[in-house]
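Here is how names work: the chains are called A, B, and so on, in the same order as the sequence lines, proteins then strands, and each is numbered from 1. Only heavy atoms go into these numbers, but all of them, side chains included; no hydrogens, no water, no symmetry mates.
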Amino acid sequence: MRELARKGFDAVYSELNLDSPEIVEVPRVVANTCQSITGIDNERWRIQGISDDLADQQKQAEAYFGRRGITMLATCTPYQVGNVPVKGEHCAWMESSAVVYCNSVLGARTNTEGKESTGAAALTGRIPYWGYHITENRGGTHLVEVEIEVDDIMDWGLLGYYLGEIVDDGIPVLTGRCHQPNLIKLKHFGAAAASSGGVEMYHIPEVTPEARSIEEAFCGNRIRHTLQYGATERQIAYENLNCATDRNVDFIMLGCPHNSIDQVWLIASLLEGRKISQNAQLWVHMPRALREVADRNGHTGIITDAGGVVMSDTSPAISRHMPRGTKVVATDSAKQAHYLPAITGVSTWFGSVKDCVEAALTGRWSGGLQ
Amino acid sequence: MRTQASDFEMMPTKIILRGRKVVGGCAEGEAIVTQDTISGWGGINEKDGTVIERRHELRGRSFKDKVLVFPGAKGSSGWSAYFHMARLNGVAPRAMIFNKMTTKVALGAVVTRAPAMTDLEQDPLLVIETGDWVKVDADNGVVEILKRRREGAG
């Protein structure tokens with residue numbers, strides 16, 4: 001990769017974003033294009049343990065591609081910071097958690113594209129018309145009867161993690177006791193379902209835009225598979241996500257997918273006037289554009305006064321960087337709890353934001369299923 | 001010891017399955033088979049071709065130079081990027097056979113630039129076992145399977 005980087009940004013884009021060993025001079029993009037999450041926080045790379053050279057390279061790349069029309073949102077949640085497609089719009093999105101949000105909550109249409117196809121789509125404004133672009137392929141495949149209360153963020157994460165593993169790349173239709181969700185809960189639900197499985201779309205009748213009813217959610221098709229989600233299934237998801245045994249926690253990671261401003265407010269509220277443990281480090285991740293708001297609100301100040309770090313542009317699973325020596329991680333993210341052990345070899349505790357902040361304050365994990 | 005075509009039963013069990021080409025070309029090698037879907041980013045190590053996902057049937061095993069037989073792709077949109085890098089690092093599978101077509105796996109197969117097939121007339125996960133010698137002739141839409149001699153088999 002370093003060799004490629006020496007040849008310049010066009011060479012990098014050609015190989016990694018176009019699968020072209022022949023170097024293409026990258027023109028301006030023709031489609032509305034934004035940068036997804038990256039490996040480096042442009043301001044706090046040293047805390048991540050990233051070299052100045054690499055950080056400098058990323059800044060130069062941003063300037064280069066920015067001039068070609070790529071918007072440097074640098075987040076896994078572009079829909080939180082102004083990139084919000086309208087129902088029916090055809091998109092070519094990467095980032096599995098954003099894809100499932102785009103299809104399900106916004107009603108726009110995208111397959112889970114990759115680096116090479118989005119790279120080409122940005123330059124051409126074209127993407128193959130198949131899969132989730134076609135109405136008939138957007139109907140439900142599994143009816144899910146939610147038999148226990150699913151309300152808080154942690155429970156939406158558990159529900160998503162359980163369903164992904166069962167339905168794989170199916171389209172679940174949720175009925176039963178899920179309370180009216182919001183952006184944060186669906187952001188977590190989709191990210192979890194797209195980690196344990198390959199869920200790219202779901203419906204919640206009377207909530208999501210293509211499902212005014214169960215019948216509409218299934219596009220008039222017969223319901224072939226029905227499954228239940230109750231206390232047993234919740235327990236299975238929880239146990240599958242928690243692979244740690246050591247209750248001494250080194251690192252607490254909050255904000256995957258990237259936090260919304262009210263999540264950061266909640267974290268700040270729990271930390272106000274307190275100090276995190278000397279044995280633990282806390283990183284809170286959010287989109288760069290929202291960080292500006294968090295700074296002005298005073299949330300960032302509260303978190304940093306407590307000893308935490310507010311990061312943008314990246315996450316530990318993407319960057320593969322965590323505080324040096326980290327062995328045990330606590331996170332509110334089912335997605336990070338799923339991927340971090342595989343990518344970095346750490347073990348993870350998964351729980352609520354409250355459980356995680358408590359772990360940051362004490363250095364000990366005391367969370368669990370309520 | 002390297003596995004060679006002569007280690008396999010030449011008669012009577014050569015199985016031929018027809019299917020659909022995803023990526024053209026023809027390649028053969030030893031099969032590595034899993035019943036679990038595979039993640040690219042966060043699921044494989046692009047430097048040595050091993051599967052790294054916790055609770056995965058193939059965890060710790062590499063598909064380098066093998067014919068990878070699997071149900072399909074799951075997880076991150078970094079699927080293609082990681083198989084792409086596996087190819088650049090020389091650890092890609094020689095060929096791929098999978099059941100469920102999605103954008104993730106289609107793009108991943110294209111950038112891996114190895115012969116790939118889907119929609120076989122019988123479920124490849126039931127017919128092919130790890131260790132079988134498999135030839136993927138994607139150009140002609142044919143998969144040939146030589147069952148490996150198993151211990152105790154006459």
Legend entry - Neighbour count above 12 (heavy atom, 6.0 Å) for B:Arg61 CZ: no
Inset, instruction - For residues A:Glu15 and B:Leu88, determine if any side-chain heavy atom of one lies less than 4.5 Å from a side-chain heavy atom of the other. - result: yes
Legend entry - Interface residue of largest heavy-atom contact number with chain A, from B:Met101, B:His56, B:Met85, B:Arg59, under 4.5 Å: B:Met101
Legend entry - Test item: A:Cys243 and B:Arg54 side chains (from C-beta on) under 4.5 Å apart, heavy atoms: yes
Inset, instruction - Go through A:His338, A:Glu95, A:Arg320 and name the one with the most non-hydrogen pairs under 4.5 angstrom from chain B. - result: A:Arg320
Legend entry - Nearest non-hydrogen partners of B:Ser80 and A:Gly114, listed with the distance: OG-CA, 3.7 Å
Inset, instruction - Please flag which part of A:Ala194 lies under 4.5 Å from any non-hydrogen atom of chain B: side chain, backbone, both or neither. - result: backbone
Legend entry - Part of A:Ile318 within contact of chain B (heavy atom distance under 4.5 Å): both
Inset, instruction - Report, as yes or no, whether the 6.0 Å neighbourhood of atom CZ on B:Arg55 holds more than 12 heavy atoms from other residues, nucleotides or ligands. - result: yes
Legend entry - Residue selection (most heavy-atom pairs with chain B, distance under 4.5 Å) from A:Val99, A:Asn111, A:Asp169, A:Asp19: A:Asp19
Inset, instruction - Locate the shortest heavy-atom distance separating B:Ser39 from A:Tyr339; write the atom from each residue and the value. - result: OG-OH, 4.2 Å
Legend entry - Minimum side-chain heavy-atom gap B:Thr103-A:Tyr132 below 4.5 Å: no
Inset, instruction - With a 4.5 Å cut-off on heavy-atom pairs, point out which of B:Lys104, B:Glu53, B:Arg113, B:His84 contacts chain A the most. - result: B:His84
Legend entry - Contact origin within A:Thr112 toward chain B - heavy atom pairs under 4.5 Å: both
Inset, instruction - Please flag which part of B:Phe83 lies under 4.5 Å from any non-hydrogen atom of chain A: side chain, backbone, both or neither. - result: neither
Inset, instruction - Mind ranking A:Glu116, A:Lys335, A:Glu113 by heavy-atom pairs under 4.5 Å with chain B and telling me who comes out on top? - result: A:Glu116
Inset, instruction - Could you tell me whether B:Lys74 and A:Glu165 make a salt bridge, using a distance below 4.0 angstrom between a side-chain N and a carboxylate O? - result: no
Legend entry - Region of A:Asn17 that comes under 4.5 Å of a non-hydrogen atom in chain B: neither
Inset, instruction - Determine the option with the most heavy-atom pairs under 4.5 angstrom with chain B, choosing from A:Ala191, A:Ala342, A:Gly198. - result: A:Ala342
Inset, instruction - Select one option (side chain, backbone, both, neither) describing which atoms of A:Ser36 are under 4.5 Å from chain B's heavy atoms. - result: neither
Legend entry - A:Asp168 side chain reached by B:Thr37 side chain, heavy atoms, under 4.5 Å: yes
Inset, instruction - Kindly indicate whether the side chain of B:Ser77, heavy atoms from C-beta on, has any atom under 4.5 Å from the side chain of A:Trp93. - result: no
Inset, instruction - Report the distance from atom CH2 of B:Trp41 to atom CE of A:Met94, rounding to the nearest 0.5 Å. - result: 10.5 Å
Legend entry - Pairs of heavy atoms under 4.5 Å with chain B: top-ranked of A:Ile343, A:Leu16, A:Asn240: A:Asn240
